[in-house]
Novice: 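My structure is below; once you've seen it, I'll send some questions.
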Amino acid sequence: MHKIFVVMTALILGSLSLIRGNPQTNVEGTNWDKIMNAAQIYFASPTSENTRRFYAVLPTKKGDWDNIKGDFEKVCSFIFDNLDVLNKQVLKPDRNAVKIAVCLFNISDGIYSEWLDSMLGDLIRVAPKMFLEETRRRFAELKERGFQDIGYILCNGAILDGESTASDEAKRNELELRIIALETVKDANLAGLRDECIAIIRKRISWYNIASFRAQFSNSPVI
């Protein structure tokens with residue numbers, strides 16, 4: 001009877017950890033075959049269950065890149081080649097998809113990280129409270145690593161990306177709308193991060209104002 005109870009308890013706890021998401025600890029000990037399998041299933045059918053299963057196998061820390069073993073590059077290439085699927089789920093918004101996007105920073109660098117910045121930046125206007133709740137750990141990790149400017153996420157997105165041909169006015173408008181969205185968040189636990197985000201976005205708006213002024217001045221006829 002005792003053995004049956006132990007087995008049933010283990011099964012229940014295992015189910016709960018899957019539902020809540022129980023990511024692996026770090027990159028070095030990651031089972032890349034398991035991640036590839038979960039990613040393939042998720043991108044083929046991003047259901048709630050498949051989302052939870054994918055999130056559950058992702059690492060929570062970047063770790064030491066030099067000690068990574070297995071098909072790391074192959075798995076990352078597959079995931080980021082299919083990022084459009086995740087992007088659609090994030091902007092629904094699907095909270096577990098947002099959790100996945102944040103977790104993917106632990107296996108990304110360079111252009112991959114920029115894609116994630118853009119995805120989460122576009123979430124601000126869609127679900128500002130969820131954005132703050134799910135990205136605050138990411139911001140804290142950046143600061144721990146010496147990156148004080150968290151504007152990469154706040155000021156990125158389709159219209160704000162470096163390759164965007166949108167006018168400075170259009171970019172300013174997008175940033176103003178993000179501020180308006182963030183100001184709707186009244187949760188006291190998020191107030192500090194909200195205000196910090198708004199201040200950073202305002203700073204970026206001032207850059208566009210200066211750039212626009214310089215452009216107008218340089219185009220003015222000489223008298």
Novice: Once you round to the nearest 0.5 Å, how far does CG of Leu154 lie from OG1 of Thr135?
Specialist: 7.5 Å
Novice: Quick one: ring pair (Phe, Tyr, Trp, His ring centres under 6.0 Å) pairs with a partner in residues 165-200, sequence neighbours left out?
Specialist: none
Novice: For Val90 versus Ala101, what's the shortest heavy-atom pair and its separation?
Specialist: CG2-CB, 4.2 Å
Novice: Please enumerate all residues that pass salt bridge (Lys or Arg N to Asp or Glu O under 4.0 Å) together with Glu183, with sequence neighbours excluded.
Specialist: Arg202
Novice: Taking all non-hydrogen atoms of both residues, which atom of Phe139 and which atom of Cys197 are closest, and how far apart?
Specialist: CE1-SG, 4.1 Å
Novice: Return the CD1 to OG distance between Ile159 and Ser118, rounded to the nearest 0.5 Å.
Specialist: 12.5 Å
Novice: If we ignore hydrogens and angles and just use 3.5 Å, is the side chain of Asn96 paired with the main-chain N or O of Arg52 as donor and acceptor?
Specialist: no
Novice: Got a sec, which residues hit ring-ring contact (aromatic ring centres under 6.0 Å, His included) with Tyr42, two or more places apart in sequence or on another chain?
Specialist: Phe54
Novice: Does the salt bridge (Lys or Arg N to Asp or Glu O under 4.0 Å) test come out yes or no for Arg53 and Glu49, once each step is laid out?
Specialist: CA-CA 6 Å; Arg53 288 182 181 276; Glu49 182 65 19; 3.2 Å; yes
Novice: Please report the interatomic distance CG(Leu182) to CD(Glu196), rounded to the nearest 0.5 Å.
Specialist: 11.5 Å
Novice: Sub-3.5 Å donor-acceptor pair from the side chain of Asn50 to the main-chain atoms of Ser45, do we have one?
Specialist: yes
Novice: Quick check: closest heavy atoms across Ile107 and Phe80, and the distance to 0.1 Å?
Specialist: O-CE1, 4.2 Å
Novice: Do Val85 and Val75 share a hydrophobic cluster (ILVMFWY, side-chain heavy atoms under 4.5 Å, transitive)?
Specialist: yes
Novice: Does one hydrophobic cluster hold both Val57 and Ile41, with members joined at side-chain heavy-atom distances below 4.5 Å?
Specialist: no
Novice: If I take atom OH from residue Tyr112 and atom CG from residue Leu104, how far apart are they, to the nearest 0.5 angstrom?
Specialist: 11.5 Å
Novice: Flag yes if Ile100 and Met36 sit in one hydrophobic cluster, no otherwise; membership is Ile, Leu, Val, Met, Phe, Trp, Tyr, and two members link when side-chain heavy atoms are under 4.5 Å apart.
Specialist: yes
Novice: Do Leu160 and Leu175 have side-chain heavy atoms sitting under 4.5 Å apart?
Specialist: yes
Novice: With salt bridge (Lys or Arg N to Asp or Glu O under 4.0 Å) as the rule and sequence neighbours excluded, what pairs involving residues 76-92 come up?
Specialist: none
Novice: State whether the side chain of Ser77 and the backbone N or O of Lys74 hold a donor-acceptor pair below 3.5 Å, judged by distance alone.
Specialist: no
Novice: May I ask you to test the Leu86-Phe43 pair for a side-chain heavy-atom distance under 4.5 Å?
Specialist: yes
Novice: Linking Ile, Leu, Val, Met, Phe, Trp and Tyr through side-chain heavy atoms less than 4.5 Å apart, which residues share a cluster with Ile180?
Specialist: Leu177
Novice: Just how far is it from atom CD1 of Ile179 to atom OG1 of Thr184, taken to the nearest 0.5 Å?
Specialist: 12.5 Å
Novice: Only distances under 3.5 Å count here; give the side-chain donor-acceptor pairs of residues 120-134 to other protein atoms, sequence neighbours excluded, each with its distance to 0.1 Å.
Specialist:
from, atom 1, to, atom 2, distance (Å)
Asp122, OD1, Arg178, NH2, 3.3
Asp122, OD2, Ala158, N, 3.4
Arg125, NH1, Glu174, OE1, 2.6
Lys129, NZ, Glu133, OE2, 2.6
Glu133, OE1, Arg95, NH1, 3.0
Glu133, OE1, Arg95, NH2, 2.9
Glu134, OE1, Lys99, NZ, 3.2
Glu134, OE2, Arg95, NH1, 2.7
Glu134, OE2, Lys99, NZ, 3.4

Novice: Could you check whether any side-chain heavy atom of Trp115 comes within less than 4.5 Å of a side-chain heavy atom of Asn87, counting everything from C-beta outward?
Specialist: no
Novice: So, the side chain of Ser167 versus the backbone of Ala170: is there a donor-acceptor pair under 3.5 Å, distance only?
Specialist: yes
Novice: In Å and rounded to the nearest 0.5 Å, what is the CG to CD distance from Asn156 to Glu114?
Specialist: 7.0 Å
Novice: At their closest point, which heavy atom of Ala97 faces which heavy atom of Gln89, and how far apart are they?
Specialist: CB-CB, 3.6 Å
Novice: Nearest heavy-atom pair of Pro59 and Asn106: which atoms, and what distance?
Specialist: O-ND2, 2.9 Å
Novice: Using side-chain heavy atoms (C-beta onward) and a distance below 4.5 Å, is Phe78 in contact with Gln40?
Specialist: yes
Novice: If we only count heavy atoms from C-beta on, is the Ile79 to Ile35 side-chain gap below 4.5 Å?
Specialist: yes
Novice: Side chains of Met119 and Leu83: does their closest heavy-atom pair fall under 4.5 Å?
Specialist: yes
Novice: Decide yes or no for Arg136 and Leu190: does some side-chain heavy atom of the first lie under 4.5 Å from some side-chain heavy atom of the second?
Specialist: yes
